[in-house]
Amino acid sequence: MPERPEGGEARGHARAGRARSTEAGSVRTLERGLGVLTALADLREATLSEVARRAGLSPSTASRLLDTLRREGFAEWDERSGLYTVGLRAYQVGAAFAARTTLIGAAQAEMDALSQPWARR
């Protein structure tokens with residue numbers, strides 16, 4: 001039977017565990033960032049405290065996420081008013097969706113489901 005390097009299997013499992021942990025953390029961060037972006041879209045313009053409260057995050061976490069969203073163009077901050085708004089890049093992502101579909105096309109399945117009870121009568 002071939003000899004296993006000392007600690008080889010255990011280390012492999014530890015690395016796999018860290019990779020899964022890092023992946024889960026990345027997913028959680030993405031979910032929080034999208035929550036901040038959604039809060040910003042709902043509020044139209046807001047202070048850091050308002051965004052944090054709406055997203056259910058601490059102000060320090062919301063601030064870090066907003067900084068990232070600002071760097072990437074998904075959020076903007078007006079220095080004079082201290083208010084955050086949705087940035088141009090978020091609009092561009094939405095426009096890409098709108099360009100590939102129509103509102104009726106996007107809602108077709110839901111409209112069909114709603115019409116089913118009436119069609120049976």
Side-chain angles (χ1 to χ4, degrees):
M1 181 171 204
E3 234 178 88
R4 183 180 79 170
E6 216 173 291
E9 190 174 306
R11 265 190 293 210
H13 285 306
R15 272 189 231 115
R18 277 195 302 270
R20 281 191 293 271
S21 175
T22 301
E23 183 179 314
S26 296
V27 169
R28 186 172 182 212
T29 300
L30 177 59
E31 288 172 342
R32 287 176 165 188
L34 291 172
V36 166
L37 186 58
T38 300
L40 211 49
D42 292 345
L43 295 166
R44 306 270 177 152
E45 60 180 23
T47 64
L48 170 61
S49 297
E50 291 168 333
V51 172
R53 190 171 23 263
R54 176 64 71 99
L57 300 170
S58 70
S60 61
T61 299
S63 177
R64 287 190 304 273
L65 292 167
L66 281 165
D67 284 346
T68 300
L69 290 169
R70 282 180 47 218
R71 278 193 310 275
E72 298 299 321
F74 286 88
E76 295 178 358
W77 183 67
D78 184 304
E79 192 174 339
R80 282 189 315 191
S81 67
L83 297 176
Y84 289 91
T85 57
V86 173
L88 179 60
R89 187 70 183 120
Y91 171 79
Q92 290 169 330
V93 170
F97 172 78
R100 73 165 185 82
T101 187
T102 64
L103 181 57
I104 292 175
Q108 190 64 53
E110 288 80 6
M111 291 188 305
D112 289 345
L114 287 170
S115 69
Q116 289 306 312
W118 302 107
R120 291 187 205 136
R121 291 183 178 190

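Computed over heavy atoms, backbone and side chain alike; hydrogens, waters and symmetry mates excluded.
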Contact list for residues 77-86, test salt bridge (Lys or Arg N to Asp or Glu O under 4.0 Å), sequence neighbours left out: none
Taking side-chain hydrogen bond (donor to acceptor under 3.5 Å, both in side chains) as the definition, give me every residue that meets it alongside [X], ordered by chain and number, with sequence neighbours left out.
X	answer
Arg53	none
Thr47	Glu50
Thr68	Arg71
Ser49	none

Leu30: hydrophobic cluster co-members (side-chain, 4.5 Å): Leu34
Inter-residue atom distance Ser60.OG - Leu48.CG, 0.5 Å rounding: 9.0 Å
Interatomic distance, Leu66 atom CG to Glu76 atom CD [nearest 0.5 angstrom]: 12.5 Å
Arg54: partners by salt bridge (charged side-chain N to carboxylate O under 4.0 Å, His left out), with sequence neighbours left out: Asp42
Val27 vs Glu31 side-chain heavy atoms within contact, under 4.5 Å: yes
Residues that Thr29 engages under side-chain contact (heavy atoms from CB on, under 4.5 Å), provided they are two or more places apart: Leu65
Asp67 bridged to Arg70 by N-O distance under 4.0 Å: yes
For residues 83-96, run the donor-acceptor check on the side chains, cut-off 3.5 Å, and write out each pair with its distance to 0.1 Å, sequence neighbours left out.
from: Arg89; atom 1: NH1; to: Gln92; atom 2: OE1; distance (Å): 3.4

Leu40 to Ala75 - nearest heavy-atom pair and separation: CD2-CB, 3.7 Å
